[in-house]
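Below is one structure; the comments refer to it alone.
Numbered from 1 within each chain, the chains take letters A, B, ... in sequence-line order.
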2 protein chains.
Amino acid sequence: MQTLSQYPAPRPPGGTPSQTEWGNNDILGIAARPYKPHSILCRQDDEEDTIFIIKSGWTLLYRGLPDGDRQIIDTPLQGDIVGFRSVPGPRFASLAAITDAAVHPIPRKALTDLILSEGSFGSKIARSLARTNAIVAEHLVNVGRRNAMRRTAHFLLELEERLTKVGLSAEGGYDCPLTQNELADILGMTPIHVNRTLRELRRAELVSFKTGHVEMLNRKSLIKLAGFEKEYLS
Amino acid sequence: MQTLSQYPAPRPPGGTPSQTEWGNNDILGIAARPYKPHSILCRQDDEEDTIFIIKSGWTLLYRGLPDGDRQIIDTPLQGDIVGFRSVPGPRFASLAAITDAAVHPIPRKALTDLILSEGSFGSKIARSLARTNAIVAEHLVNVGRRNAMRRTAHFLLELEERLTKVGLSAEGGYDCPLTQNELADILGMTPIHVNRTLRELRRAELVSFKTGHVEMLNRKSLIKLAGFEKEYLS
DNA sequence: AGGGGTCGCTAACTTAGGTTAATTTTTGGT
DNA sequence: ACCAAAAATTAACCTAAGTTAGCGACCCCT
């Protein structure tokens with residue numbers, strides 16, 4: 001498995017807690033904490049030494065610039081580990097929930113101790129980090145070398161693939177709580193241009209992005225346009 | 001320590017091999033292999049399962065696009081670990097040397113076995129990965145949300161800081177083998193615009209970038225222009 | 001039910017950065 | 001010392017994306 005997304009395994013809301021490799025729904029004895037939409041889990045420059053493991057919901061990892069701009073670095077989803085750092089000290093990015101979310105806040109020390117005492121755990125973390133690396137790297141390629149259309153298309157395809165892996169995508173599309181503003185901060189463009197671009201993609205009958213839902217109209221052409229290769233997400 | 005750059009410790013060429021935490025100049029019994037400038041250490045889509053630890057020299061980690069464009073993701077230097085992946089299978093990026101370089105090619109299996117058997121090693125890898133994450137994330141912020149001047153300034157400051165950490169930077173500047181073309185592929189812009197931008201930076205007496213050497217003319221103003229905060233490199 | 005927010009959408013205009021093309025300088029090989 | 005190739009540089013022009021501005025459609029308050 002590529003992510004830790006199987007811990008805890010996806011299950012229908014309200015179902016009985018399933019036994020997972022973590023043993024139960026706690027991670028290191030820490031229960032998932034609920035967060036409201038738009039709540040901030042941590043801020044860049046926080047000294048507080050917590051790592052977050054997402055259990056459910058959508059979150060944004062971003063870095064704000066002095067002039068008020070921000071760049072969204074990743075959209076951590078179910079199973080993703082966020083905020084692992086090489087040293088204690090201030091973080092460099094903020095994490096916010098955009099939907100209701102359940103997240104395990106793990107003290108860094110607890111995690112590093114576990115890594116030291118149990119090799120298999122370290123390799124799990126390392127794998128998760130390697131995957132994040134790949135995602136952010138591809139994101140960089142996207143922003144650095146693809147134009148608005150391809151860039152947007154590529155991101156929407158990435159989202160679909162990631163959601164599929166955690167069982168949150170249907171055949172023809174997927175639910176997506178992102179606003180066009182947030183999309184702009186992900187893609188490194190202005191909201192106005194995002195709007196234009198989404199219109200184009202809709203007119204070309206490739207994808208339709210509208211509040212709450214993304215519909216794949218012609219996945220094949222979209223993949224071709226974006227030059228999307230999903231391997232980096234494995 | 002933040003990177004593995006202290007293993008082996010930098011030493012004058014021709015000197016006696018210094019004893020390091022690795023025990024000697026080998027890593028997992030593997031000696032550093034020399035690479036010529038412009039040689040390619042691995043290609044994206046390679047199935048071969050090797051991780052690289054840079055001993056000396058400059059390298060580029062990049063991803064090529066079908067249309068011939070490429071985005072350079074990172075410039076791994078002395079001590080950096082490159083190519084750690086979550087699963088066996090094709091890589092998603094290529095690695096090339098741009099100077100003479102010495103690099104330890106480590107089979108993935110050897111490294112993961114070691115992680116499993118020795119916790120402290122896993123945490124070293126995890127820390128290195130976390131640092132790479134931070135660097136690539138900041139790179140993304142740079143390309144996504146800073147204009148040509150700030151972006152270029154920011155990158156040149158990052159390089160200085162990273163080189164300083166491995167003892168490869170002097171007071172007023174540092175040696176840098178990057179061409180303007182390569183700079184363009186790092187910064188997600190065209191070589192022509194890189195040239196324009198460097199000219200501006202030189203005229204403004206902030207930095208002077210010319211073949212082989214970067215000279216800091218006014219570091220304070222440059223840092224201010226770029227909004228550079230070096231903490232993410234720790 | 002009125003009012004302040006955010007969000008989506010569009011149009012008109014501006015600009016940073018891309019494109020094309022050509023010249024000079026530097027580098028590396030023999 | 002000579003040649004070929006790569007790297008740097010500049011100018012003129014063009015376009016993708018940014019900026020500014022304005023208008024409805026929904027929220028969620030109280």
Notebook entry, point to check: Do Met149(B) and Glu200(B) come within less than 4.5 Å of each other through their side chains, counting heavy atoms only?
Noted result: yes
Checking Val141(B), Asn142(B), Val143(B) against Gln71(A) for side chain to side chain contact (heavy atoms under 4.5 Å, CB included), the one that qualifies is Val141(B)
Using only side-chain N and O atoms of Arg199(A), determine if any of them is under 4.0 Å from OP1 or OP2 of dC9(C).
-> no
- Task: Verify the contact: side-chain N or O of Asn195(B) to OP1 or OP2 of dT9(D), cut-off strictly under 4.0 Å; return yes or no.
- Result: yes
message: Is it the case that the base of dG17(C) and the side chain of Arg151(B) share a donor-acceptor contact (distance under 3.5 Å, atom types as modelled)?
response: no
Once you round it to whole Å, what is the distance between [atom2] of [N] and [atom1] of [X]?
{"X": "Leu198(A)", "N": "dC9(C)", "atom1": "CG", "atom2": "P", "result": "8 Å"}
{"X": "Asn147(B)", "N": "dA16(C)", "atom1": "CG", "atom2": "P", "result": "9 Å"}
{"X": "Gln180(B)", "N": "dT24(C)", "atom1": "CD", "atom2": "P", "result": "18 Å"}
{"X": "Ile192(B)", "N": "dT15(D)", "atom1": "CD1", "atom2": "P", "result": "16 Å"}
{"X": "Arg150(A)", "N": "dA16(D)", "atom1": "CZ", "atom2": "C1'", "result": "14 Å"}
{"X": "Phe209(B)", "N": "dT9(D)", "atom1": "CZ", "atom2": "C1'", "result": "14 Å"}
{"X": "Leu183(A)", "N": "dC7(C)", "atom1": "CG", "atom2": "P", "result": "13 Å"}
{"X": "Arg146(B)", "N": "dA16(C)", "atom1": "CZ", "atom2": "C1'", "result": "17 Å"}

Donor on one side chain, acceptor on other, Glu215(A) and Tyr174(A), under 3.5 Å
no
Met189(A) has its side chain closest, among dG8(C), dA7(D), dG18(D), to dG18(D)
Across the strands shown, which category fits Thr190(B) at heavy-atom distances under 4.0 angstrom: base, sugar-phosphate, nothing?
base
When Gly188(B) and Thr211(B) are each assigned the nearest nucleotide of DNA chain C, the 5'-most assignment goes to Gly188(B)
Q: Applying side chain to side chain donor-acceptor pair (under 3.5 Å), run through Gln44(A) and Tyr62(A) and close with a yes or a no.
A: CA-CA 9 Å; Gln44(A) 61 199 65; Tyr62(A) 62 92; over 6 Å; no
Tell me whether Glu205(B) at atom CD has more than 12 heavy atoms from other residues, nucleotides or ligands lying less than 6.0 Å away. no
